[in-house]
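Have a look at the structure below, then the notes.
Numbered from 1 within each chain, the chains take letters A, B, ... in sequence-line order.
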Number of protein chains: 2
Amino acid sequence: MSSSTTKAAATLAAFAATFSPFISASGEGASVLSASESNPIKLGWMQGFPVPDDKLIMQPESDFFSFPKMRWTVCHIRELMPTKEVSRGIGAPVPMTYALDSAIDEVKFKPLGSEKTMSWKDSLSANYTDGMLILHKGKIVYETYSGCLNDMGKHAAMSMTKSLTGLLAEILVVEGKLDPNAKVETIVPELKGSAFASATVRQVMDMTTSLKYSENYADPNADIWVYSKAASPLPKAKDYDGPNGYFEYLQTVKKDSISHGEAFGYKTVNSDTLGWIISKVTGKDMATLLSERIWLKMGAEQDGYMTVDAKGVPFAGGGLSAGLRDLGRIGLLMLNGGEINGQQLFPKKVVTNIQAGGDKKAFEKAGYKTLEGGSYRSMWWVMHNDHGAFAARGVHGQTIYVDPTAEMVIIRFSSFPSASNSKIDPTSLPAYQAVASYLMKK
Amino acid sequence: MSSSTTKAAATLAAFAATFSPFISASGEGASVLSASESNPIKLGWMQGFPVPDDKLIMQPESDFFSFPKMRWTVCHIRELMPTKEVSRGIGAPVPMTYALDSAIDEVKFKPLGSEKTMSWKDSLSANYTDGMLILHKGKIVYETYSGCLNDMGKHAAMSMTKSLTGLLAEILVVEGKLDPNAKVETIVPELKGSAFASATVRQVMDMTTSLKYSENYADPNADIWVYSKAASPLPKAKDYDGPNGYFEYLQTVKKDSISHGEAFGYKTVNSDTLGWIISKVTGKDMATLLSERIWLKMGAEQDGYMTVDAKGVPFAGGGLSAGLRDLGRIGLLMLNGGEINGQQLFPKKVVTNIQAGGDKKAFEKAGYKTLEGGSYRSMWWVMHNDHGAFAARGVHGQTIYVDPTAEMVIIRFSSFPSASNSKIDPTSLPAYQAVASYLMKK
């Protein structure tokens, strides 16, 4: 291992220990079924005519997103709730090129906090991987599907959706259509009276807003539960008098005591607010804009889709489902400064802005105690390691991991029993570094 | 007009007068807004961030499927309820070829029961047309979009879904995988005790089952309302103790006093039962089978999708949404005996079986008083006119109209205020015949 790789690994160790975006209660310690034991095809979910009662996966969310059912659900979100298409258009897709290297399976790494080495291949089941794609110098060097996913299927991107929302915002900023220093209330007057009113667009993009808002799923009085009820696409109960939909909920979020801009706080409502800002500026909903700016132009082979609330507003904070190779195309766009298939979809500055990272001091203050030097920028996680890596991340192990130094992109879809990426990172982040090192030596 | 065309027109007049499949209460006389006045874009449905309350289209169905909101809804079904993809796969579509002829706009015809002529172009708005595609000798000669639809959009096919269910069944029959003479209970044992048990597969396919089942929407106690509740994908109320889903509902349908096979009765539950039969025989749900047998192989440019019940069962009687040109590909398959793009997707006998029609006597008995010689076969409407025309039809004006003599296929998506096709046929069926005559003379 080179000294730069060692340093990167040390940074990652610290990163992983404290990196716990969007922890959900679902699946926490609920099961010890392995990836193979919990394979949704093998467990027979939703099979048969009729499906036996004990094999049904249905509303409500507490059922369909519980482990191990969740291992089926992540590929079938649209069958459980309304969704809006992210259209690829009607032309021919641009096929990706292949240079498969099966030796990657044998690449060895040490999981964080462990002395025993693990092979890349074994990391896939350790992480309950549903789909894994590795791109090197623009070509697919590794691709595999498991669980509920195949190459014609789509998988929930979860909070990676945030990074696409952030990407669209950063594109608008670089194009001069969105002023990052503008106060949110000047763009979304409906948010006057909420915490967001006095924040700048940049503070929303980097999640340094000061919000009295708890995503502590263990607390039954946490704001996240009111938010979830508001966001549900199901018709509200007759006696329900709370907010209906993302936009109404966001207006109720109050400011915390500290100032905006001081501390990073990973809160999904920032992404929903950013989605609203983007829609106000462009006159398009998030699914339509994501189609027009990215999906229609990147040679995508599948449509994506986004979940919507009861009023049809796409979930900018986590609603996307897409195919594995199409997220690979997103990864290539990020690696190659907005270029794909010989076309520049957005200015290179968009990516350099993101890759430069956010306010490390604000990030540090947020309480990620052992993290040294990470940051969050335009809804991307920036490693600040010597490979210049940055990532989109979603609960249960979703990632787009971009390593510019190794010219490598890794896309993972997975359905890890725990929502917390901090539990998946030990067998993931060092594995990515090991593959990067392997590819750089080729 | 040739004598054969005159005779065809006379048959059509009788046909239209009594041809009222699947009448729904929605929109009946609810409005006199014209097509232009009720244009959903112009009315501003679901526009704005947030959408103003009086422009929202939401659950329940009584709201979203009321006229004029329905003119938006027919292109946005998936945004209101869960759906299952009918995948086109991930390859390149096979583009259709064009030989556009704008003179078709000026083709004149006499609406049934009227002495004044109308132009083809004027018939489009008279019928609240959202999409119109005319194919002649395999090429697109006419194509237009209006209302909520464009060439990248999808539109509800409504009861045309039945014809695709019937097509799949007929394919299985011709392939020897489904015995049309088998009693339904031998294939779906769960239906023992229901009316369907003692019917043959063919009787279900041709809707000559004897069912105590009313689709009279004007009667609040009609079976259709119990069916609708059972079929709804929304979670059931806590005190609901009725059937949940298509399969449970079908088990409750009782036999009427007459024998199976005696009379035609247009009842959607036959299509749902046929879907169940097909799934039992193939081990695939309807959306998956429709993809595997048709969508994946016909060079489709868009995925389709089907609505599902709360247990994920696709709605075989009416759940499909699809693109206009993709239904054009279905029309070509029917015109050309199962062949498209040089590939034979199913045996020619499938089409000749359908085109030969069903039991005219049984059809006559059903009470279509002035209809002379029409029939229903494998869930297609067979005209028995001298052009050998047959059609898929859905409420509010959906059609795939195949005229083998004129080598013409017409696909129409529309959102006519009334569900009843009998009100749309006067300005449609003679128009189709006039265009057929025009094309034959070219």
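- With a threshold of 4.5 angstrom between heavy atoms, A/E85 approaches chain B through its backbone and through its side chain.
- For the residue pair A/Y145 and A/E143, a side-chain donor N or O sits within less than 3.5 Å of a side-chain acceptor on the partner.
- There is no contact between B/I278 and chain A, counting heavy-atom distances below 4.5 Å.
- The structure places CZ of B/R71 at 13.5 Å from OG of B/S66, a figure rounded to the nearest 0.5 Å.
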Evaluate side-chain contact (heavy atoms from CB on, under 4.5 Å) for B/F247 paired with B/D309, printing each intermediate quantity in order.
-> CA-CA 10 Å; B/F247 294 165; B/D309 67 19; 5.9 Å; no

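- To the nearest 0.5 Å, the span separating CG on B/L332 from CG on B/L327 amounts to 11.0 Å.
- Among A/H76, A/M306, A/K154, the residue making the largest number of heavy-atom pairs under 4.5 Å with chain B is A/K154.
- When the candidates A/S279, A/A287, A/P95, A/A92 are compared by the number of heavy-atom contacts under 4.5 Å with chain B, A/S279 comes out ahead.
- Neither the backbone nor the side chain of A/L250 comes within less than 4.5 Å of any heavy atom in chain B.
- Put simply, the side chain of B/D130 never gets that close to the backbone of B/L149: no donor and acceptor are under 3.5 Å apart.
- A distance of 6.0 Å or more separates the ring centres of B/Y246 and B/W276.
- With chain A as partner, the option from B/K311, B/K280, B/R88 having the largest number of non-hydrogen pairs under 4.5 angstrom is B/K311.
- Taking the six-membered ring for Trp and thresholds of 30 and 60 degrees, A/Y249 and A/Y227 have ring planes more than 60 degrees apart, a perpendicular arrangement.
- Proximity to chain A (any heavy atom under 4.5 Å) is shown, for B/I90, by both the backbone and the side chain.
- Comparing B/K84, B/Q59, B/M58 by heavy-atom pairs within less than 4.5 Å of chain A, the highest count is held by B/K84.
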Residue pair B/F315, B/M81: steps toward the side-chain contact (heavy atoms from CB on, under 4.5 Å) verdict | CA-CA 12 Å; B/F315 180 22; B/M81 62 185 87; over 6 Å; no

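- In terms of non-hydrogen atom pairs under 4.5 Å with chain B, the most contact-rich of A/A310, A/S87, A/G312 is A/A310.
- Listed by sequence position, B/L234, B/P235, B/N244 are the residues of residues 229-244 of chain B in contact with chain A, using a 4.5 angstrom heavy-atom cutoff.
- When heavy atoms are compared at a cutoff of 4.5 Å, B/Q302 approaches chain A solely by way of its side chain, counted from C-beta outward.
- Residues A/D151 and A/E301 come closest through the heavy atom pair O-OE2, 4.5 Å.
- Between the A/R329 side chain and the A/V94 main chain, a donor and an acceptor come within less than 3.5 Å of each other.
- Atom CD1 of B/I411 sits about 8.5 Å away from atom CD1 of B/I330, to the nearest 0.5 Å.
- Of the possible polar contacts, one joining the B/T165 side chain to the B/T161 backbone as a donor-acceptor pair under 3.5 Å is found.
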Take A/T252 and A/S194 through the test side-chain contact (heavy atoms from CB on, under 4.5 Å) and record every step on the way to the result.
-> CA-CA 6 Å; A/T252 71; A/S194 81; over 6 Å; no

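- A/K284 touches chain B through its backbone: at least one of N, CA, C or O sits under 4.5 Å from a heavy atom, while the side chain does not.
- Proximity of B/E61 to B/L80: side-chain heavy atoms (C-beta onward) are nowhere separated by under 4.5 Å.
- A/Y305 places a side-chain N or O within 3.5 Å of a backbone atom of A/R78 that can act as its donor or acceptor partner.
- Panel note: side chain B/D63, backbone B/I57; no donor-acceptor pair is recorded below 3.5 Å.
- Contact residues of residues 41-52 of chain B toward chain A are B/M46, B/F49, B/P50 (heavy-atom distance under 4.5 Å).
- Partners of A/N150 according to the side-chain contact (heavy atoms from CB on, under 4.5 Å) rule, which considers only residues two or more places apart in sequence or in another chain, are A/M152.
- Residues of residues 185-193 of chain B lying under 4.5 angstrom from chain A, judged on non-hydrogen atoms, are B/E190 by number.
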Could you walk me through whether B/L320 and B/L290 pass side-chain contact (heavy atoms from CB on, under 4.5 Å), step by step?
-> CA-CA 10 Å; B/L320 182 73; B/L290 190 54; 4.1 Å; yes

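- Contact count against chain B (heavy-atom pairs under 4.5 Å) is highest for A/T83 among A/V308, A/T83, A/V313, A/D285.
- In this structure, CD on A/E79 lies 9.5 Å from OG1 on A/T73, to the nearest 0.5 angstrom.
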